[in-house]
Protein chains: 2
Amino acid sequence: MEDRKKDLSERKKIILKAIIDAHIENGEPVGSKFLTGHKQISCSSATIRNEMAELEEMGFLEQPHTSAGRIPSEAGYRFYVDWLIDRYNFTQGEIDELRRTLNQKQSELDAVMQTAVTLAAKLTNYTALAIKPRQPRITVGRYELLRLDEMTLVLIMVIGGIVKTKYVHSNRPIPNEAAACLSAVLNKYVTGITASEITLPMMMEMERVMGEYEYLVSPVIKAVCETISVFDGGDLRFEGINRLLSYPEFYDMDRLRDMLALFEKKDDLLEVLSEETTHTPDDRVQVYIGRENIVKVMDNSTLIFKAVRDHGKTVGAIGIIGPTRMNYRRVIATIDHLTRGVSEVLGDPNGNDGADGNE
Amino acid sequence: MEDRKKDLSERKKIILKAIIDAHIENGEPVGSKFLTGHKQISCSSATIRNEMAELEEMGFLEQPHTSAGRIPSEAGYRFYVDWLIDRYNFTQGEIDELRRTLNQKQSELDAVMQTAVTLAAKLTNYTALAIKPRQPRITVGRYELLRLDEMTLVLIMVIGGIVKTKYVHSNRPIPNEAAACLSAVLNKYVTGITASEITLPMMMEMERVMGEYEYLVSPVIKAVCETISVFDGGDLRFEGINRLLSYPEFYDMDRLRDMLALFEKKDDLLEVLSEETTHTPDDRVQVYIGRENIVKVMDNSTLIFKAVRDHGKTVGAIGIIGPTRMNYRRVIATIDHLTRGVSEVLGDPNGNDGADGNE
DNA sequence: GTTTAGCACTCGTGGTTTTGAAGTGCTAAA
DNA sequence: TTTAGCACTTCAAAACCACGAGTGCTAAAC
């Protein structure tokens, strides 16, 4: 078997590769006539037909029905992958881009919200969303530093009751005592102020205090700023997008595609919802039906959400998006309970006795 | 307007509610005849027709075309939500379940892997997956405890170079010095052993050493065990599921549904892939075409993935899933580069000079 | 022996037509 | 005010048809 594979005549290989390439390109069965246009193939369609018939006999091609062209069989793809494709070369630019993106670490989404939104999707069987609104004035309340290994520190920050960790790599070895020293300095100088309030004189002062460890100040402060900025940047997360498919209203591929496109460009939606979430005075479940929605595409869809409060402050929102024909009763109740649950878990004593969520 | 709404005759309300309920249930327009079967409605279809015509005039109903039944308009839904639905009551069981799930915090997926998988989906325009295989022997290398507020500790664990944080709520106030004391005890007794190796005598010994703070030992150890168990439990994450829709092979709703169902029940897939990932000897990109796949549903789909190694140890895998008709060249190259990139970011010096990933 | 042109054959696709069922509105009777 | 009956409308599914694409085969050409 192994031998037979390599035994293909050069022309068969070219034809097979041409067929698979073309099929990968446009997804349709490819016929003999089409291949005559290929530059590496100079014989007539009849010859190609013969070759194709043989390739089919060998199991590399198959035809969906007699008057369609050929498509590659699984064995065909296998041969293609094993013997016919040459290596794809990334440009240096692409490689750099890739490394850069990998290096800038993503902030982890707040775990409770993540659990809640997953749960919301599961319980209602609609697509769920979690909103963390933009927060313009966010500050760090407390710092802690651990020395992880010779060159790495773990920076632990308490931001509004939430703990964030971030790794800081140094290019010089870090002595054991430097971590404690640095955390003391951070706690003294950069608590309770926003990222933009950290001034150059402050940094110089810190470097002076740090003495011989001054080289650690700049990378750590950079890490602090980064964390703050992703933290206050807002976030919008969907869960259970595929659940849309359970509903006949989304059987229409075009509508479905529109919806998914909406999920893709989160920024617009986030902008609108941030506004909506933070400025809603009362504490009820919000229901936007069809064209009541702020976003155009959401005709025929309903958005239901409720803000999550922690000690009276809005820290996010959890919601559901689905067809207008939605089980309102169940969804409203679920969202109501969930947001309260989250508030409770966050330690908000008022989580369970605010205004009634429904009606 | 507000008045008119409440002005609906009782019978109209019943009919409207019945129509919307029925429509929510089965998604189809509902006709007069169907409603005669409703228990609260005792008039004939002709009467109902008259009522429906009036409801339509008021704007609560509309008909898609003359010989279909009626469907609720947006105003109809609005009225329904505002006036007609009663509150859905969760059973106590459901509520408990919900609170329990919210309380057990999800471990955040390794940030780099998350970035990588998002990137993989974006670069290839197929659905990407990240696998963290089950790890039977996982231990904590180091503990750190912070007192967050009077009743709450933050437990910080270094597990295989990864930092995990977990909140521990106490039902008694926590003195300032308890945190330091407890972390010393943890570091002494429970480093380098797996969750199942923590014995009752060990816990009792720890409680003895802790003296008056012994009440903190049990909840903290519980938190440790939980963290370890979610950490070694394996994880499977998909990104860019919607990208499937770009490809005509998934225009068929049934096939699409099958595929999405596959994504839902991660456990099976994880089991198989854990095996596959950890026991693959060589360091290349794995390609499974069509029925070569271990999982049934994946006929007509190709799975491509490669293990991510960190200092020689397999810590996960990144892959792509898509139609058999796939741009193999590009995908293989992307996965290859990505896994290497991740290894590099993780600090693996061999990230970039292992066996050639392709061919 | 291999390649090519020609031709009859097959089969799916796209468009049109037909039929049937569902549901309505209206009218007249109860 | 309610109900039965009937004519009308409209969509959906089935049936039908013609077309085009692509093949396999045969016989002639190289």
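Note on naming: letters A, B, ... go to the chains in the order of the sequence lines (proteins, then strands), and numbering restarts at 1 for each one. Values below: all heavy atoms of this structure, side chains included; hydrogens, waters and symmetry mates excluded.
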Nearest to the A:Thr47 side chain among C:dT3, C:dT24, C:dG6, which nucleotide is it?
C:dT3
Atom pair distance, as rounded to whole Å: CE in B:Met52 and C1' in C:dG23
9 Å
Expressed in angstrom and rounded to an integer, what is the separation of B:Arg70 atom CZ from C:dA22 atom C1'?
13 Å
Residue matched to C:dA30 through Watson-Crick or wobble contacts both under 3.5 angstrom:
D:dT1
How would you label the contact of A:Ala46 with the nucleic acid (heavy atoms, under 4.0 Å): base, sugar-phosphate, or nothing?
base
Starting at atom CD of A:Glu51, determine the distance to atom C1' of D:dG22, rounded to an integer number of angstrom.
18 Å
C:dA22, D:dT2, D:dG20: which one has an atom nearest the side-chain heavy atoms of B:Arg11?
D:dT2
Complementary nucleotide for C:dG15 - Watson-Crick or wobble, under 3.5 Å
D:dC16
Rounded to the nearest Å, what distance is computed from the CZ atom of residue A:Arg49 to the C1' atom of nucleotide C:dT3?
12 Å
By the 4.0 Å heavy-atom rule, please label A:Ser45 as base, sugar-phosphate, or nothing.
nothing
Measure NE2/A:His65 against P/D:dG24 and give the value in whole Å, please.
12 Å
For B:Arg329, is there an ion pair with A:Asp86 - N to carboxylate O distance below 4.0 angstrom?
yes
Atom pair distance, as rounded to whole Å: CD in B:Glu54 and C1' in D:dT2:
13 Å
Can a side chain N or O of A:Ser44 be found less than 4.0 Å away from OP1 or OP2 on C:dT4?
yes
Does a side-chain N-to-carboxylate-O contact under 4.0 Å join A:Arg330 and B:Glu94?
yes
Residue pair B:Tyr80 / B:Leu16, side-chain heavy-atom distance below 4.5 Å
no
Could you please name the option among C:dC11, C:dG23, D:dG24 that lies closest to any side-chain atom of A:Ser67?
C:dC11
Salt-bridge contact B:Glu239-B:Lys122 (side-chain N to carboxylate O under 4.0 Å)
no
So that I know where these two stand, are A:Tyr328 and B:Tyr88 an aromatic pair - ring centroids less than 6.0 Å apart?
no
Please give, in whole Å, the distance from D:dT3 P to B:Asn50 CG?
10 Å
Among C:dG25, C:dC11, D:dT23, the nucleotide that comes nearest once only the side chain of B:Gln63 is considered:
C:dG25
Counting side-chain heavy atoms from C-beta on, which of D:dT23, D:dT10, C:dT10 comes nearest to A:Ser32?
D:dT23
Watson-Crick or G-U counterpart of D:dT9, or none if no pair lies under 3.5 Å
C:dA22
If I take atom NZ in residue A:Lys33 and atom P in nucleotide D:dT23, what distance separates them, rounded to the nearest angstrom?
11 Å
